[in-house]
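One structure is given here, and the rest of the page talks about it.
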Amino acid sequence: MHLREILEPHRPELIDAVVMGLRASGAPHYQTVDPGLLARRAATLVDAFVAADGEPEPFIGYIQQLSHERITEGYYLNEIQTALNLLDQRAWAAVAEHAGPADVVRLVARVCRAVGAAKDELARIYLLRTRQAEERVVHLERQLKELFKGTDGGVVPED
């Protein structure tokens, strides 16, 4: 039995759980996003997870795209992690409720592996983008200091 066979019939439940959980989370961006957009995004997340069938690589590919989009929109790391946690919890529950006893442990392990790998990739991307932003700030500070070097105003203090 494949994970996809368990999750596909419960796709609407997974989407609803993610949407309701995000709305209840208190995360700033999920409070203000259009409800229809949030539902579409939750559906895309669930669809990517179900299509990956517990394989980390395809789901990581989706998370890479998602993280770059959400970073650009100003979403915080913990907001996206919340979405993954909600997906993880509901997928676990669906497997526990609907998989046969011989398949439960194997399928739950697939859920954990795929979501865990996605969380690792998400954190890696956020860390990389944070480092890049910090390096850009340092570079701009140096440029400002050089620009104002020798002026009487000394707008940018020397270290």
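The figures here come from the full heavy-atom set of this structure, side chains too, leaving out hydrogens, waters and symmetry mates. Keep in mind that this is a model prediction, so the values were computed, not measured.
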Closest heavy-atom pair and its distance - Leu22, Tyr30
CD2-CE1, 3.4 Å
When every non-hydrogen atom of Ala91 is compared with those of Leu14, the smallest separation belongs to N-CD2, 3.7 Å
Atom pair CD1 (Ile60) and NZ (Lys119), whose distance is rounded to the nearest 0.5 Å:
13.0 Å
Nearest 0.5 Å, what's the OH-CZ distance between Tyr62 and Phe49?
12.5 Å
Let me confirm one number: the CZ-CZ distance from Arg4 to Arg110, rounded to the nearest 0.5 Å.
9.0 Å
Lys145/Arg142 under side-chain contact (heavy atoms from CB on, under 4.5 Å): CA gap, chis, key distance, verdict
CA-CA 5 Å; Lys145 285 179 183 179; Arg142 284 185 191 133; 5.7 Å; no
Salt-bridged, Glu134 to Arg131, with N to O below 4.0 Å?
no
Salt bridge (charged side-chain N to carboxylate O under 4.0 Å, His left out) between Glu97 and Arg90: does it pass, once the steps are laid out?
CA-CA 10 Å; Glu97 292 169 21; Arg90 189 58 206 129; 3.5 Å; yes
Arg129 and His68 have their tightest heavy-atom pair at NH1-ND1, 3.2 Å
Considering non-hydrogen atoms only, spot the tightest contact between Thr82 and Ser25 and give its length.
CG2-CB, 4.0 Å
Please determine whether residues Leu3 and Met1 belong to a single hydrophobic cluster, defined as Ile, Leu, Val, Met, Phe, Trp and Tyr linked transitively by side-chain heavy-atom distances below 4.5 Å.
yes
side-chain contact (heavy atoms from CB on, under 4.5 Å) evaluation trace for Arg23 with Met20
CA-CA 5 Å; Arg23 286 282 187 205; Met20 291 187 309; 5.8 Å; no
Would Tyr126 and Tyr76 count as a close aromatic pair, with their ring centres under 6.0 Å?
no
Straight-line distance of Ile15 CD1 to Leu38 CG, nearest 0.5 Å:
11.0 Å
To the nearest 0.5 Å, what is the distance between CG (Asp34) and CZ (Arg40)?
6.5 Å
Minimum heavy-atom separation for Ala99 and Val104, please, with both atom names.
O-CG2, 3.7 Å
Separation of Asp103 CG from His2 NE2 (nearest 0.5 Å)
10.0 Å
Do the charged groups of Glu79 and Arg41 touch, with an N to O distance under 4.0 Å?
no
For Val18 versus Ala42, what's the shortest heavy-atom pair and its separation?
CG1-CB, 3.9 Å
Leu37, Leu87: one ILVMFWY side-chain cluster at the under-4.5 Å cut-off?
yes
Glu121 vs Arg124 side-chain heavy atoms within contact, under 4.5 Å:
yes
Side chains of Val115 and Trp92: does their closest heavy-atom pair fall under 4.5 Å?
no
Side chain proximity check, Leu45 to Leu84, heavy atoms < 4.5 angstrom:
yes
